[in-house]
Student: 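Here's a structure for you.
Chain A is the first sequence line, chain B the second, and so forth, proteins listed ahead of strands; every chain is numbered from 1. Everything numeric in this text was worked out from a predicted model, so none of it was measured.
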Amino acid sequence: MELKRPVRVRMAPSPTGDAHVGHARTALYNYLLARQNGGTFILRIDDTDTKRNTEEAEAGVYRGLRWLGLDWDEGPDKGGPHVPYRQSERLDIYHKYIQQLLDSGAAYECFCTTEELEAERRAQMAAKEDIKYSGKCRNLTEQERQALRAEGRKPTVRLRVSNKKVGFHDLVRGWIEADTSLMGDFIILKSDGMPVYNFATVVDDHLMQISQVTRGAEHISNTFPQILIYEALGFEVPQFAHFSLMLNEDRTKMSKRMGATFVGEYAEMGYLPEAMLNFLAFLGWSPGGDEDEILTLDDLLDKFSLENCTVSNAIFDIKKLDWINAKWIRRLELPDLAQRLVPFWKKEGFIGEDYDLEHLIKIARLIQERLPRLDAVRDFPYFFREPEVPVEEIQQLLKDKDAKAGFQAIIAAIRDLPWQEAELESAVRSVQSDLGWSNKELFMSLRLAVCGGKVSPPLFPVIEVVGRQRTLQRLERAIAQL
RNA sequence: GGCCCCAUAGUGAAGUGGUUAACACACCAGCCUUUCACGCUGGCGACGCGGGUUCGAAUCCCGCUGGGGUCACCA
């Protein structure tokens, strides 16, 4: 990519919800672009829709990006050379440029009411015409405007659009163009004095010296009116790049009802931020060839490029996320894993505020490669809780054997041993021949008694971690119930 | 419906006129093993359709079909 200007990229969410995974990916790509080029990553809050934005949602955006580890250089909370970074605080700036357009005649006031416009649209629809503003207020005289104003009408401001082709070279898609005759004179300032998204965005992107506007493909059609605004204002048009969209399994736009869409939800399910980033990076981009797919942020910094971005939409495949997440979990150092597991163990009620991290690390070692997600700790309750004795299963397994006597013998063999897996294993194996039990009978019945189920990590390491007292207790209890 | 974008296995994707069309996830089978998991080996499975261009098309062009986006005083 040839860059003529210093790289300044931005992510400009509207705070109408929590941080969406789509936001996260856009943020990631922008972040990579900035960091690769010694550029600047800006976070701007596009909150011109006063009816919908909330402070809580803005906090959600921060939380999500921080969790992912994508730090920005300029933003509402950080300041920067172009403060403020919240559009609702930049109104006077927009008004200045609106006035400039009004003065030059590039824009004009429109007094049509919502109802009138609605009626107009319906008529066009019925007549199967293109739906666009008729241009009714285009050539109002000063007197007419006064009269309309006297009626109490509050005007909007529209940009005068002449018929021509507008186009741009998209950094990931190549040349894209459209015909302005289809869009009509569009509103740039609402009657309540708020600028419309497309207008505020253009003014801010210009003032903040954004070099590449990189965003999701849903903005492609916004690019055309935006270019018209750039031109009307006499601003240099930045470069654009539009990423493919992330879709639900049914190929519709990613939505709440098809699964989690917010970054925070994935955090709660026990996905690692590293895995999320890794996964997101590959939705809409590929390094090419058959390279390793487990990449760190540094790897991504090294490999990412707009040229390798994909143009077709991609389905958010949670199975692949699970695989990447499991890989990442297996990569973690044990103390780190244990730390990250703590909130999940707490949530299950397995531990309280007081816990022995050393002991948790031992547990982490046993379950590490069995966790697709951190919240899977719930599948290993027997390190913390006394399991029910699965009487039936044990009896079935040992139907022609004397289970009680067997367990007695085992208890006797291990009771006073140094409590270590190797010792335990050899002791148990030494009673095996006396008992005449098969491997399966021996190990599985023990597992059933100690873990309460047929599935667990390797038996003796588990017994070691469960501890002498609790293990013996569980065996006694099994004997009592058999 | 208009405009715009897109189209390689179920999914993510490599591929830029000549390949047995990679690789990864998922799935299936086997191996390993005291269970599970990990790991390893193998397997299933794709160029949406129709026309061109060309000695030769997944690759270029056109049409169709399909999917998506967008058509607000939302962003």
Student: Not counting sequence neighbours, which residues clear ring pair (Phe, Tyr, Trp, His ring centres under 6.0 Å) with A:Trp285? List them please.
Tutor: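 Testing A:Trp285 for ring pair (Phe, Tyr, Trp, His ring centres under 6.0 Å), a comparison that skips the adjacent residues, returns A:Phe282, A:Phe304.
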
Student: Please classify the nucleic acid contact of A:Lys319 as base, sugar-phosphate, or nothing, using heavy-atom distances under 4.0 Å.
Tutor: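 Since only primed, P, OP1 and OP2 atoms lie under 4.0 Å of A:Lys319, the category is sugar-phosphate.
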
Student: Output all residues satisfying side chain to side chain donor-acceptor pair (under 3.5 Å) with A:Tyr230, sequence neighbours left out; order by chain, then residue number.
Tutor: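 Partners of A:Tyr230 under the side chain to side chain donor-acceptor pair (under 3.5 Å) test: none.
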
Student: Remember a base hit wins even if backbone is also touched, and classify A:Pro13 as base, sugar-phosphate or nothing at under 4.0 Å, heavy atoms.
Tutor: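 Contact class for A:Pro13: none.
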
Student: Which parts of residues 269-280 of chain A get close to RNA chain B, meaning a heavy atom less than 4.0 angstrom away?
Tutor: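 RNA chain B contact set from residues 269-280 of chain A: none.
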
Student: Taking salt bridge (Lys or Arg N to Asp or Glu O under 4.0 Å) as the cut-off, I'd like each qualifying pair that reaches into residues 218-228 of chain A, sequence neighbours left out, listed once.
Tutor: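 Listed by first then second residue: nothing to list.
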
Student: Grab the CD1-C1' distance between A:Ile324 and B:A26 for me, whole Å please.
Tutor: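 From A:Ile324 CD1 to B:A26 C1': 13 Å.
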
Student: Is the shortest distance from a Lys or Arg side-chain nitrogen in A:Lys136 or A:Glu120 to a carboxylate oxygen in the other one below 4.0 Å?
Tutor: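 Salt bridge flag = no for A:Glu120 with A:Lys136.
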
Student: Mind jotting down which residue pairs meet the salt bridge (Lys or Arg N to Asp or Glu O under 4.0 Å) criterion with at least one end in residues 174-191 of chain A? Sequence neighbours excluded, please.
Tutor: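 Residue pairs passing salt bridge (Lys or Arg N to Asp or Glu O under 4.0 Å), neighbours aside: A:Arg138-A:Asp185, A:Lys165-A:Asp179.
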
Student: Applying the Watson-Crick and G-U wobble criteria at under 3.5 Å, what pairs with B:G66? Answer none if nothing qualifies.
Tutor: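 Pairing partner, where one exists within any strand: B:C6.
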
Student: Can you list every side-chain hydrogen bond (donor to acceptor under 3.5 Å, both in side chains) pair that touches residues 435-455 of chain A, not counting sequence neighbours?
Tutor: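 Checked against side-chain hydrogen bond (donor to acceptor under 3.5 Å, both in side chains) - neighbours excluded - the pairs reaching residues 435-455 of chain A are A:Lys401-A:Glu441, A:Gln432-A:Asn439, A:Ser438-A:Glu441, A:Arg447-A:Ser456.
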
Student: Starting at CZ of A:Phe186 and ending at C1' of B:A75, how long is that distance when rounded to a whole Å?
Tutor: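 Interatomic distance, CZ of A:Phe186 to C1' of B:A75: 15 Å.
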
Student: With both distances kept under 3.5 Å, what pairs with B:G39, Watson-Crick or G-U wobble?
Tutor: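 Across any shown strand, B:G39 pairs with B:C31.
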
Student: With sequence neighbours left out, write down each residue that passes ring pair (Phe, Tyr, Trp, His ring centres under 6.0 Å) with A:Phe41, or none if nothing qualifies.
Tutor: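 Applying ring pair (Phe, Tyr, Trp, His ring centres under 6.0 Å) to A:Phe41 gives none.
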
Student: For a quick check under 3.5 Å, do A:Thr223 and A:Arg215 share a side-chain donor-acceptor pair by atom type?
Tutor: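 Present: a donor and an acceptor within the cut-off.
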
Student: Specify the separation, in whole Å, of atom CE of A:Met125 and atom C1' of B:G2.
Tutor: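 That distance rounds to 12 Å.
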
Student: Sugar-phosphate atoms are those with a prime plus P, OP1 and OP2; base atoms are the rest. Using that split, label each nucleotide of nucleotides 37-42 of chain B B, S or - for protein heavy atoms under 4.0 Å, 5' to 3'.
Tutor: BSS---

Student: Taking the same atom, C1', in B:A21 and in B:A13, what whole-Å distance lies between them?
Tutor: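 So the two C1' atoms sit 13 Å from each other.
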
Student: Name the closest nucleotide to the A:Val196 side chain, picking from B:U34, B:A75, B:G68.
Tutor: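 Among B:U34, B:A75, B:G68, the one nearest the side chain of A:Val196 is B:A75.
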
Student: Any N/O pairs under 3.5 Å between the protein and nucleotides 5-13 of chain B? List them or say none.
Tutor:
| residue | atom | partner | partner atom | Å |
| --- | --- | --- | --- | --- |
| B:C5 | O2' | A:Arg173 | NH1 | 2.4 |
| B:G12 | OP1 | A:Ile315 | N | 3.0 |
| B:G12 | O2' | A:Phe282 | O | 3.1 |
| B:A13 | OP1 | A:Gly284 | N | 3.1 |

Student: Paired with B:A24 by Watson-Crick or G-U wobble geometry, both distances under 3.5 Å: which nucleotide is it?
Tutor: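 Paired with B:U11.
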
Student: Is there a donor on the side chain of A:Asn198 or the base of B:A75 sitting less than 3.5 Å from an acceptor on the other?
Tutor: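 No.
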
Student: Rounded to whole angstroms, how far apart are CZ on A:Phe168 and P on B:C4?
Tutor: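 It works out to 12 Å between those atoms.
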
Student: I want to know whether A:Phe344 and A:Phe350 have ring centres closer than 6.0 Å.
Tutor: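 Judged by ring-centre distance (under 6.0 Å), A:Phe344 and A:Phe350 do not meet the cut-off.
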
Student: Can you check the A:Ile187 CD1 to B:C74 P distance for me, whole Å?
Tutor: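 Taking CD1 of A:Ile187 and P of B:C74, I get 8 Å after rounding.
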
Student: Could you give the NE2-to-P distance, from A:His242 to B:U70, as a whole number of Å?
Tutor: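 Atom NE2 in A:His242 sits about 12 Å away from atom P in B:U70.
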
Student: Residues in side chain to side chain donor-acceptor pair (under 3.5 Å) with A:Tyr382, at least two apart?
Tutor: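 Per chain and number, A:Tyr382 pairs via side chain to side chain donor-acceptor pair (under 3.5 Å) with no residue.
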
Student: Quick one: which residue pairs count as a salt bridge (Lys or Arg N to Asp or Glu O under 4.0 Å) with a foot in residues 273-282 of chain A, not counting sequence neighbours?
Tutor: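 For residues 273-282 of chain A: A:Glu274-A:Arg340.
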
Student: What integer distance in Å separates A:Leu321:CG from B:A24:C1'?
Tutor: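 Atom-to-atom, A:Leu321 to B:A24, this comes out as 14 Å.
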
Student: Remember a base hit wins even if backbone is also touched, and classify A:Cys309 as base, sugar-phosphate or nothing at under 4.0 Å, heavy atoms.
Tutor: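 A:Cys309: no heavy atom of the nucleic acid under 4.0 Å.
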
Student: Could you pull out all residues at least two apart from A:Arg378 that satisfy salt bridge (charged side-chain N to carboxylate O under 4.0 Å, His left out)?
Tutor: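 With sequence neighbours excluded, A:Arg378 shows a salt bridge (charged side-chain N to carboxylate O under 4.0 Å, His left out) to A:Glu348, A:Asp375, given in chain and number order.
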
